[in-house]
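None of the values given here were measured: they were computed from a predicted structure.
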Amino acid sequence: MAEETVKGWDTSTMAAMAASDIPDGSYVNLGIGIPELVASYVPEGRELVYHTENGLLGMGPSPAAGEEDHELINAGKKYVTAIPGASYFHHADSFAMIRGGHIDYCILGAFQVSHNGDIANWSTGEKDAIPAVGGAMDLVAGVKNIYVIMQHCTKTGEPKIVENCTYPLTGKNVVKRIYTNYAIIDVTEKGLYVNKLAPGVTFDFLQKNTGAGLHLK
Amino acid sequence: MAEETVKGWDTSTMAAMAASDIPDGSYVNLGIGIPELVASYVPEGRELVYHTENGLLGMGPSPAAGEEDHELINAGKKYVTAIPGASYFHHADSFAMIRGGHIDYCILGAFQVSHNGDIANWSTGEKDAIPAVGGAMDLVAGVKNIYVIMQHCTKTGEPKIVENCTYPLTGKNVVKRIYTNYAIIDVTEKGLYVNKLAPGVTFDFLQKNTGAGLHLK
Amino acid sequence: MINKIISSVEVAVRDIPSGATILVSGFGEAGSPVELLHALVDLGPTDLTIISNNTGSGQAGLAALIANHQVRKVICSFPKTSNSVVFPELYRSGKIELELVPQGTLAERIRCGGAGIPAFYTPASVGTPLEEGKETRIFEGRTYVLEYAIRADYALVKCRKADRYGNLVYNKTARNFGPVMCTAASTTIVQASEIVEAGNLDPESIVTPGIFVNRVVEVRNPLDESILIAENRSYPWQKKQ
Amino acid sequence: MINKIISSVEVAVRDIPSGATILVSGFGEAGSPVELLHALVDLGPTDLTIISNNTGSGQAGLAALIANHQVRKVICSFPKTSNSVVFPELYRSGKIELELVPQGTLAERIRCGGAGIPAFYTPASVGTPLEEGKETRIFEGRTYVLEYAIRADYALVKCRKADRYGNLVYNKTARNFGPVMCTAASTTIVQASEIVEAGNLDPESIVTPGIFVNRVVEVRNPLDESILIAENRSYPWQKKQ
């Protein structure tokens with residue numbers, strides 16, 4: 001099928017588009033994986049402040065090789081740095097920031113997102129899996145704007161944007177925008193609206209690869 | 001009446017007796033008035049750590065004249081000092097110490113204490129009074145041992161230890177011991193037990209000046 | 001570049017409208033944002049709800065705002081201090097409303113407001129008049145009162161040092177309600193005795209991370225409420241009496 | 001004189017009985033009290049309930065305690081990390097119990113345990129499998145879950161510096177759960193990389209006031225979980241593989 005040749009955007013482009021949508025001065029929490037790339041594509045002249053739920057506001061980039069501090073890590077347990085103006089705090093204070101609506105944007109990966117913004121990103125519900133939720137449920141419940149970055153389909157070609165999530169939910173009605181390799185899709189009260197299509201992606205192609213009804217803006 | 005000549009202990013002696021009942025290493029919150037005197041009578045060799053609910057653990061004595069710091073005060077709004085090893089914290093953390101049962105002793109004044117340890121010490125319920133509770137209700141609800149120091153009777157000779165408080169309550173079933181100028185009285189599940197009588201005070205005299213039934217140990 | 005520094009107290013408070021709910025830091029005469037409050041007196045919004053531990057002392061700062069009839073209601077734990085004269089008079093004449101809250105409950109309600117917790121249970125006030133009308137519930141044999149979070153439109157807070165991100169450190173017992181109040185307002189306005197370069201404050205010792213602060217204004221050598229009281233000063237300033 | 005300093009990790013943990021509930025600080029490989037945990041392995045109590053964000057990494061520290069079959073149940077938010085091997089195996093074979101709690105809920109439940117708050121409401125987990133069986137309630141149109149405080153018999157915590165009063169400061173993101181855990185245990189045992197004279201720690205910068213701490217033991221140059229994993233070390237120590 002011709003569809004197999006459609007790649008759409010690469011992950012860097014997806015991250016760059018998400019980065020360009022975050023206003024100057026925002027407080028941002030980035031999930032593990034593709035979301036982490038967002039920090040590399042913030043447009044010049046903008047300053048974002050990164051929060052990591054294990055107790056650091058003002059997270060900086062990865063340290064140079066040999067400069068790693070084993071007690072300075074992010075929520076993904078990777079070595080990070082702290083910017084001048086950073087602060088450390090304990091976990092209850094860190095989640096007060098999250099739950100209290102103080103973080104402006106959280107960019108997450110997901111297994112599935114539904115037509116009404118439900119997100120499943122913590123468990124595939126497999127029988128033998130070790131359930132592990134971390135801070136995901138607090139983040140989707142507390143952060144003002146939840147954006148998802150993910151491949152549009154699974155490796156086996158199944159749509160990840162669905163009518164109703166089949167995987168265990170992380171939160172209900174929380175996702176506001178989805179960045180995939182095929183499109184940027186806004187989750188609105190009236191349904192899923194296509195905000196932008198990747199080069200070579202048609203609306204029909206997108207709809208065929210999406211498990212929920214899409215609308216054009 | 002002969003009774004009018006009975007003075008019992010002076011406030012210093014009352015404070016000293018209370019001080020001697022507090023074990024070494026205790027965390028202590030002292031109310032305004034006579035309770036503040038307790039800190040002056042701690043037996044040699046014991047170290048108590050004083051908490052003041054406006055955000056200081058390790059409160060020290062009053063500063064020397066001219067050494068006052070307007071931003072270093074106690075809950076009674078008096079100038080204090082901080083010992084080496086003191087720490088400052090915000091109000092929610094301060095009351096976490098109180099509510100969470102971390103303070104060992106709180107010594108308070110009172111208008112009335114009932115036979116079962118109810119205490120009234122924040123309002124005389126007068127029509128024109130400005131109601132002001134401060135931290136009293138949190139203290140009596142949270143501190144492990146609530147001791148009261150007060151004159152045994154009001155200025156007009158009315159008993160302050162009563163069957164049931166007539167003034168608005170600060171807390172129910174919280175007082176464990178009462179130090180008055182006439183006696184030390186323990187509040188137990190079986191009632192009020194006289195622990196010690198002041199010189200010249202008989203049990204009968206004490207009972208006559210008390211609004212609730214007393215027991216001898 | 002993030003820069004929350006505002007040029008003056010006047011500019012810092014100028015959008016506060018009549019009817020606003022405002023958290024005001026301070027305990028007794030320590031930690032009250034006197035200059036911000038005076039700017040609010042100058043601005044003149046009315047019908048304000050003030051949440052603060054006390055109701056001000058003397059005739060300046062919060063007391064001046066109340067004296068100027070800008071405050072409709074006060075939520076506090078201790079509305080009288082040895083130096084408070086303004087509030088008692090208005091209260092007795094029925095011209096100001098009072099919601100009395102135990103101090104620890106007040107602090108925790110504000111913390112919860114900032115932490116996204118709508119309600120919590122506390123043992124404080126159980127069996128007292130302040131429990132009346134409130135929902136209670138027994139946990140493990142003990143009775144607790146359900147208390148609701150407090151949030152406000154604005155917080156006015158005083159601190160010692162701040163940077164352009166809004167990171168704050170405080171001074172001794174003037175810290176009191178400041179840190180929790182910063183978290184619980186839509187707009188948090190802070191007066192700092194000194195504004196320092198970002199990176200100057202030790203990241204291990206910052207008490208209020210900048211995420212909780214919207215505006216910072218430097219007020220060097222801030223007025224000291226204790227001295228204002230001792231000198232019997234009234235705001236708007238009059239000749240010393 | 002108050003002196004909470006204990007001579008060794010062995011002495012510090014020696015009264016921990018089988019069946020105890022224990023809070024263990026740390027997030028990922030930062031902030032875990034590895035030496036206290038190894039002393040607990042040596043001591044050998046069983047049937048323990050561990051409350052910690054993770055379930056340990058590699059074969060040392062918390063993972064060694066679990067591998068040694070001393071743990072009956074774990075309450076945590078993220079029981080698997082890239083380096084966790086011990087817990088998954090025991091869990092799959094039904095040999096260890098798991099209570100999964102969202103991370104922010106876990107932190108707040110522990111804070112409430114220390115702050116005398118028996119229960120609170122949170123929006124986290126509403127509409128998800130982790131809400132199942134829990135009481136919900138609507139506040140201002142939004143649904144929240146009722147969550148209960150967590151308290152424990154012991155807390156094992158790692159910090160950077162301590163003094164004889166038990167005042168603590170931490171290091172960077174190794175702070176994580178330490179401060180709230182210190183508040184929520186009947187007996188809080190802390191290993192500090194350095195014990196300093198009282199008064200040496202800045203009173204404005206102390207993160208855990210000593211009132212929350214019962215025992216402090218100095219462990220200079222504590223083992224680094226990341227290095228233990230990289231070197232594939234197992235406790236009790238075996239030859240390097």
Side-chain angles (χ1 to χ4, degrees), chain B residues 22-29 42-60 69 71-72 80-106 135 137-146 171 174, chain D residues 1-6 23 107-120 149-152 155 159 161-170 179-188 192 195-216:
Chain B
I22 301 175
D24 188 27
S26 295
Y27 291 91
V28 179
N29 184 297
V42 175
E44 206 159 333
R46 286 192 206 169
E47 185 176 14
L48 307 185
V49 179
Y50 299 102
H51 171 267
T52 179
E53 57 264 38
N54 55 320
L56 168 60
L57 187 71
M59 182 172 67
D69 181 333
E71 298 200 320
L72 180 45
V80 294
T81 53
I83 64 166
S87 55
Y88 298 105
F89 33 83
H90 62 60
H91 248 82
D93 281 350
S94 184
F95 280 83
M97 292 178 191
I98 293 171
R99 205 189 303 101
H102 303 281
I103 315 265
D104 299 304
Y105 291 85
C106 180
M137 289 185 182
D138 308 277
L139 284 163
V140 301
V143 174
K144 285 181 204 155
N145 298 285
I146 301 295
V174 293
Chain D
M1 194 181 84
I2 293 173
N3 186 0
K4 300 181 181 178
I5 301 168
I6 303 288
L23 292 153
E108 192 66 18
R109 287 179 66 188
I110 298 167
R111 179 188 177 274
C112 285
I117 294 170
F120 65 97
I150 290 178
R151 281 193 60 82
C159 79
K161 290 186 187 179
D163 66 20
R164 68 176 173 88
Y165 286 108
N167 293 310
L168 312 181
V169 296
Y170 300 81
V180 287
M181 287 184 169
C182 283
T183 71
S186 301
T187 302
T188 292
I195 290 182
V196 300
E197 288 293 313
N200 178 302
L201 301 174
D202 178 2
E204 300 279 9
S205 306
I206 287 169
V207 175
T208 294
I211 193 170
F212 296 122
V213 174
N214 301 91
R215 303 172 192 166
V216 176

Problem - Any donor-acceptor N/O pair, H102(B) side chain to G114(D) backbone, under 3.5 Å - result: yes

Practice task
Can you sort out the partners of V49(B) under side chain to side chain contact (heavy atoms under 4.5 Å, CB included), two or more places apart, ordered by chain and number?
Solution key: Y27(B), L57(B), I2(D), Y165(D)

Handout entry: Partners passing ring-ring contact (aromatic ring centres under 6.0 Å, His included) against F120(D) (at least two apart in sequence or in another chain)
Key = none

Fill in the blank from the handout: All heavy atoms of N167(D) vs all of S87(B), minimum pair found to be OD1-OG, 4.2 Å

Exercise for the section: Please name all residues satisfying ring-ring contact (aromatic ring centres under 6.0 Å, His included) with Y88(B), sequence neighbours left out, ordered by chain then number. Expected result: none

Handout entry: Residues in residues 92-99 of chain B that sit under 4.5 Å from chain D, counting heavy atoms only
Key = A92(B), A96(B), M97(B), R99(B)

Problem - Selection from G210(D), A184(D), G113(D) maximising heavy-atom pairs under 4.5 Å formed with chain B - result: G210(D)

